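Please read the structure below before turning to the comments.
These numbers were taken from a predicted model, which means no experiment stands behind them. Order of appearance sets the numbers: ligands from 1, and atoms from 1 within every ligand.
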Amino acid sequence: MSISENCLRKYAELIVRTGANVRPGQVVLLTIGVEQHEFAALLMEECYKAGAKKVNVDWTFDVQKRLNFLYAGQDVLSEVLPWEEAKLKQMVEDLPCRIFIVSEDPDAMNGVDPHKLSGVMQARGTVIKPYRNAIEGKHQWVIAAYPSQKWAAKCFPDDEHAVDKLWDAILKTVRVTEDNDPVAEWKKHTDFIENRAAWLNEQGFSSLHYSSENGTDFSVSLIPGAKWEGAGDINSQNGAFYIPNMPTEEIFTSPIAGQCEGTLVAVKPLSWNSQLIEDFSITFKNGRAVSCRAAKGQELLERMIRMDDGAAMLGEVALVPKESPVNQCGFLFYETLFDENACCHCALGMGFKEVLPGGDDMTMEQAQEHGINDSIIHVDFMVGADDLSIDGIRPDGTVIPIFRNGTWA
Ligand code: ZN
């Protein structure tokens with residue numbers, strides 16, 4: 001590993017201070033792979049320096065997950081055990097500041113029956129969801145990445161410098177260099193995103209229209225009064241500003257569930273449940289995905305759309321210009337945290353209730369009445385073609401160009 005001690009320390013500090021914004025007296029829950037134990041120690045130290053009361057670590061190990069899926073029964077894996085539920089209950093009580101470090105091998109679940117994977121996810125998701133809903137908007141969280149050997153090898157096959165290359169790319173996208181001040185860089189970056197979001201909010205668009213040469217021709221209705229958001233979020237319990245994703249380039253909102261028409265053509269492969277769906281498109285009628293076709297992963301895509309009632313409807317539309325540093329890296333990361341920040345995307349499944357005025361204090365059921373979609377899945381797929389045009393349509397019918405040729409008009 002060739003990343004310098006200096007950069008690593010700056011990165012850890014950025015995640016804790018700017019990303020999670022750990023406040024004095026807070027409990028922190030760090031979720032990280034066992035192989036990244038040295039980085040875990042660095043993060044713990046930064047959390048305590050920021051005043052954390054206690055730092056707990058949830059260790060993940062993708063080999064353990066793989067072996068369990070290969071050898072244990074679906075019914076066994078589907079069960080959420082009482083101690084796991086006790087932990088979730090404790091989390092609702094503590095509202096810990098959560099830090100997730102992703103580093104998984106994208107191929108970790110190769111050879112595992114996809115039906116078993118999605119079946120277990122469906123069963124566990126149903127039990128876990130109410131706890132997830134109970135903490136939403138009420139705690140700070142951040143997802144950042146650390147390159148593992150296997151992840152790097154997937155991005156750069158047969159390259160002995162794979163890990164270094166993935167490090168370079170990650171540091172570029174999170175704006176850390178040997179001699180810059182990443183905290184100041186992030187302030188500039190989040191200000192830019194927030195200005196764009198403010199402009200979109202002033203326009204009050206009631207719908208968007210997407211078109212591009214590849215066959216994308218799609219209209220979607222927006223929720224009146226729902227906000228466009230980007231970069232940061234505020235914990236409604238303590239007012240702390242935090243940045244949920246590092247990197248982040250997107251400005252997003254949740255459209256009206258069940259009100260869209262037309263076809264979206266994906267411009268990048270989608271990695272779902274550790275498997276790839278390639279060269280695909282999804283066609284919507286009356287707001288629901290009614291058909292899809294994929295050169296690879298057709299059955300997987302169909303299964304995804306049928307996960308539950310909300311899985312066939314959109315939960316998110318997001319704007320990302322094609323000049324995004326993630327896109328400039330020019331390779332697929334096999335990790336949504338990065339790939340969704342490459343260009344414009346939409347997501348099937350759960351929407352974000354916090355985009356509604358007063359949404360933080362709503363239950364998911366209340367948010368659904370206002371048009372927010374609910375589902376156990378939230379899967380982003382990229383539609384930002386180089387020639388993508390997006391128009392915003394105001395309630396009086398005025399058409400305003402938002403994107404031209406894949407970037408801000
Ligand atoms: Zn997104």
Side-chain angles (χ1 to χ4, degrees), residues 19 100 102 132 136-137 141-145 173-174 189-190 192-194 196-197 200-201 205 208 210 216 218 220 222-223 226-234 242-257 260 264-272 277 280 282 284 289 304-305 310-311 313-327 329 332-356 359 367 371-385 388 390 392 402-403 406-408:
F100 302 86
V102 296
R132 225 168 63 187
E136 203 176 306
W141 55 278
V142 59
I143 309 178
T173 63
V174 297
H189 178 51
T190 53
F192 174 82
I193 290 182
E194 289 189 343
R196 289 285 169 180
L200 286 162
N201 288 327
F205 295 127
L208 303 177
Y210 291 64
T216 285
F218 177 75
V220 58
L222 303 178
I223 301 171
K227 283 167 298 189
W228 287 90
E229 294 195 349
D233 224 327
I234 287 172
Y242 63 100
I243 297 172
N245 289 337
M246 292 187 134
T248 187
E249 303 291 333
E250 63 172 356
I251 297 173
F252 64 91
T253 191
S254 287
I256 304 183
C260 63
L264 287 169
V265 179
V267 297
K268 287 178 197 283
L270 166 63
S271 177
W272 187 62
I277 302 169
F280 65 99
I282 305 174
F284 295 82
M304 187 179 91
I305 290 166
M313 294 189 282
L314 291 185
E316 177 189 1
V317 290
L319 306 176
V320 182
K322 66 182 178 189
E323 298 86 0
S324 145
V326 175
N327 213 18
C329 287
L332 189 70
F333 283 77
Y334 298 94
E335 168 55 60
T336 304
L337 174 65
F338 293 87
D339 295 327
E340 78 156 342
N341 282 302
C343 59
C344 287
H345 59 273
C346 296
L348 285 164
M350 191 176 76
F352 308 111
K353 65 188 171 97
E354 71 265 23
V355 303
L356 298 174
I372 301 286
N373 191 29
D374 194 20
S375 170
I376 57 169
I377 68 160
H378 176 95
V379 184
D380 299 273
F381 58 99
M382 305 306 120
V383 299
L388 179 69
I390 304 174
I402 303 175
F403 262 56
T407 190
W408 294 101

min-distance N/O/S atom, Glu340 vs the Zn ion (ligand 1), resolves to OE1
For NE2 in His345 and OE1 in Glu250, the angle at the Zn ion (ligand 1) (nearest 10°) is 80°
Looking at Glu316, the N/O/S atom that lies nearest to the Zn ion (ligand 1) is called OE2
* Asked: Which class fits the ring pair His378 and Phe352: parallel under 30°, tilted 30 to 60°, perpendicular over 60°?
  -> tilted
Ring centres of Trp228 and Phe252 under 6.0 Å apart? no
In Tyr210, Phe218, Trp408, the residue satisfying side-chain contact (heavy atoms from CB on, under 4.5 Å) with Ile390 is Tyr210
Is any side-chain heavy atom of Val355 less than 4.5 Å from a side-chain heavy atom of Glu316? no
